[in-house]
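To start, the structure under review is shown below, and the notes come after it.
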Amino acid sequence: MKLPKEFYTRPDVVEVSRDLLGKFLYSNIDGVLTGGMIVETEAYCGENDKACHAHLGRRTKRTEIMYQEGGVTYTYLIYGMYTLFNIITNVSGRADAVLVRAIEPTEGLKEMQLRRNLPKIQPNLTAGPGLLTQALGITTKHYGENLSGNLIWLEDQGIVIPETEILESPRVGIAYAEEHALLAWRFRVKENPWTSKAK
DNA sequence: ATAAAGATCATT
DNA sequence: ATGATCTTTATG
């Protein structure tokens, strides 16, 4: 079943980020159903987090959505070529978000392979934040999409990743965040081949 | 108006 | 290690 709004509006984005492992992310874009199980996430904690786009309460056209109540998408273009997909969490006024970094594909494999322009199903199909959006057909057009809708949504299918199977490590690509660069807010399913390669 | 940097990835 | 590629953001 779909995750209820209360899943997203919880106050601790780090906890939500951890809980998202084992949940299923689906998209039905251009009439194509694709999706998979989330195996890697990162938490971004609002104004007090130097790595967060809403650091120091920054409010711009891009970050505006982060201040909404949890349960909507935050997509944006990075390095001129990749769309990253985030889930907004916490109550209205708190700019917390979870970056989905990798999924284990389960639905619409063929279509995802086509979108990624790959010769066969291989580990880099959906292993990386810029790659899974390509596979799922998610672009910046899907900014602010409500996750209770039928375009992009998440489901709980009863899978629980035991705590001993969760790997916690520092986030990727945020060296500029100084002391916050060391926080272990990246969560991965241990030994899952569909997690991203980034250091 | 201009410039710099970026929550990445594939290639050398 | 480097290049691709372009939006967002800060600054003047």
Side-chain angles (χ1 to χ4, degrees), chain A residues 8 13-18 20-21 25 36 38-68 70 72-90 94-105 112-145 147 152 167-189 193-199:
Chain A
Y8 305 107
V13 65
V14 175
E15 182 183 306
V16 176
S17 187
R18 198 186 284 113
L20 278 168
L21 297 181
L25 171 64
I38 297 175
V39 293
E40 179 171 344
T41 63
E42 277 180 8
Y44 286 85
C45 189
E47 57 186 31
N48 298 319
D49 178 2
K50 285 188 180 173
C52 182
H53 290 160
H55 177 49
L56 297 178
R58 204 162 53 181
R59 269 189 125 103
T60 65
K61 192 162 174 240
R62 183 177 71 164
T63 63
E64 192 58 39
I65 199 72
M66 301 184 79
Y67 295 88
Q68 293 229 356
V72 296
T73 65
Y74 167 41
T75 58
Y76 68 95
L77 190 72
I78 188 69
Y79 300 123
M81 44 177 74
Y82 298 105
T83 302
L84 300 206
F85 171 76
N86 296 255
I87 296 166
I88 299 305
T89 72
N90 211 331
R94 291 308 180 99
D96 297 355
V98 176
L99 170 67
V100 179
R101 296 189 51 89
I103 65 175
E104 176 176 327
M112 293 200 275
Q113 180 193 333
L114 211 62
R115 281 180 176 146
R116 292 271 300 109
N117 197 20
L118 294 174
K120 58 181 172 63
I121 304 294
Q122 53 197 63
N124 67 350
L125 180 69
T126 52
L131 303 183
L132 76 90
T133 52
Q134 234 180 57
L136 293 173
I138 296 174
T139 71
T140 51
K141 281 189 308 197
H142 305 106
Y143 177 93
E145 206 59 53
L147 293 171
I152 303 169
L167 208 54
E168 307 187 0
S169 58
R171 293 172 291 178
V172 178
I174 54 150
Y176 60 84
E178 301 168 17
E179 71 269 27
H180 296 156
L182 297 177
L183 294 167
W185 284 356
R186 177 188 184 202
F187 302 98
R188 272 176 292 168
V189 175
W194 299 97
T195 56
S196 77
K197 298 290 168 278
K199 292 126 241 130

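First the proteins, then the strands, lettered A, B, ... as listed; each starts at 1.
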Please tabulate the protein-to-nucleotide N/O contacts below 3.5 Å involving nucleotides 1-4 of chain B, giving atom names and distances.
none

Quick one, A:L147 with A:T73, criterion side-chain contact (heavy atoms from CB on, under 4.5 Å). Give me CA distance, side-chain angles, the key distance, then yes/no.
CA-CA 7 Å; A:L147 293 171; A:T73 65; 3.7 Å; yes
Sequence neighbours excluded, which residues qualify as side chain to side chain contact (heavy atoms under 4.5 Å, CB included) partners of A:A135?
A:M112, A:R116, A:T126
Residue that, paired with A:W194, satisfies side-chain contact (heavy atoms from CB on, under 4.5 Å) out of A:N124, A:I38, A:I103, A:L125:
A:L125
Assign a letter to each nucleotide of nucleotides 5-12 of chain C from its 5' end: B, base within under 4.0 Å of a protein heavy atom; S, sugar-phosphate only; -, no contact.
BBSSSS--
P spacing across the pair B:dA5 / C:dT2, given as an integer number of angstrom
16 Å
Looking at A:V13, A:I174, A:V98, A:D49, which one forms a side-chain contact (heavy atoms from CB on, under 4.5 Å) with A:W185?
A:D49
Please say whether more than 12 non-hydrogen atoms of neighbouring residues, nucleotides or ligands are located less than 6.0 Å from CZ in A:R94.
no
A:K50 NZ to B:dA7 P: how many Å, rounded?
15 Å
d(CD1, A:I88; P, B:dA7) in whole Å
15 Å
With a 4.0 Å limit, can you tell me whether A:Y176 has a side-chain N or O closer than that to the phosphate oxygens OP1/OP2 of B:dA7?
yes
Apply side-chain contact (heavy atoms from CB on, under 4.5 Å) to residues A:F85 and A:L25 and explain how you reach the verdict.
CA-CA 11 Å; A:F85 171 76; A:L25 171 64; 3.9 Å; yes
Worked verdict on A:T75 versus A:T83 for side chain to side chain donor-acceptor pair (under 3.5 Å):
CA-CA 6 Å; A:T75 58; A:T83 302; over 6 Å; no
Rounded to whole Å, the CD1-P distance (A:I174 to B:dA5) equals 18 Å
Sequence neighbours excluded, the answer for side-chain hydrogen bond (donor to acceptor under 3.5 Å, both in side chains) partners of A:E47 is none
Check DNA chain B against residues 123-140 of chain A and give the residues with a non-hydrogen atom under 4.0 Å, in numerical order.
A:N124, A:G128, A:P129, A:G130, A:L131
Side chain of A:Y143, backbone of A:R62: donor and acceptor closer than 3.5 Å?
yes
Criterion salt bridge (charged side-chain N to carboxylate O under 4.0 Å, His left out) on A:E42 and A:R171, from CA distance to verdict:
CA-CA 7 Å; A:E42 277 180 8; A:R171 293 172 291 178; 5.4 Å; no
A:N117 CG to B:dC9 C1', straight-line distance once rounded to whole Å:
15 Å
Rounded to whole Å, the CD1-P distance (A:I87 to B:dA7) equals 18 Å
Could you go through A:L20 and A:F187, starting from their C-alpha distance and side-chain angles, then the distance that decides it, and tell me whether this counts as side-chain contact (heavy atoms from CB on, under 4.5 Å)?
CA-CA 9 Å; A:L20 278 168; A:F187 302 98; over 6 Å; no
Take the protein atom CG of A:L84 and the nucleotide atom C1' of B:dG6, then report the distance between them rounded to whole Å.
10 Å
Would you find a donor on one side and an acceptor on the other, under 3.5 Å apart, between the side chain of A:H53 and the backbone of A:T63?
no
Stems with DNA chain B, 3 or more Watson-Crick or G-U pairs in a row (under 3.5 Å), are B:1-6 with C:6-11, B:8-11 with C:1-4
As a quick check of understanding, evaluate side-chain contact (heavy atoms from CB on, under 4.5 Å) for A:Y8 and A:I88, giving each step before the final call.
CA-CA 7 Å; A:Y8 305 107; A:I88 299 305; over 6 Å; no
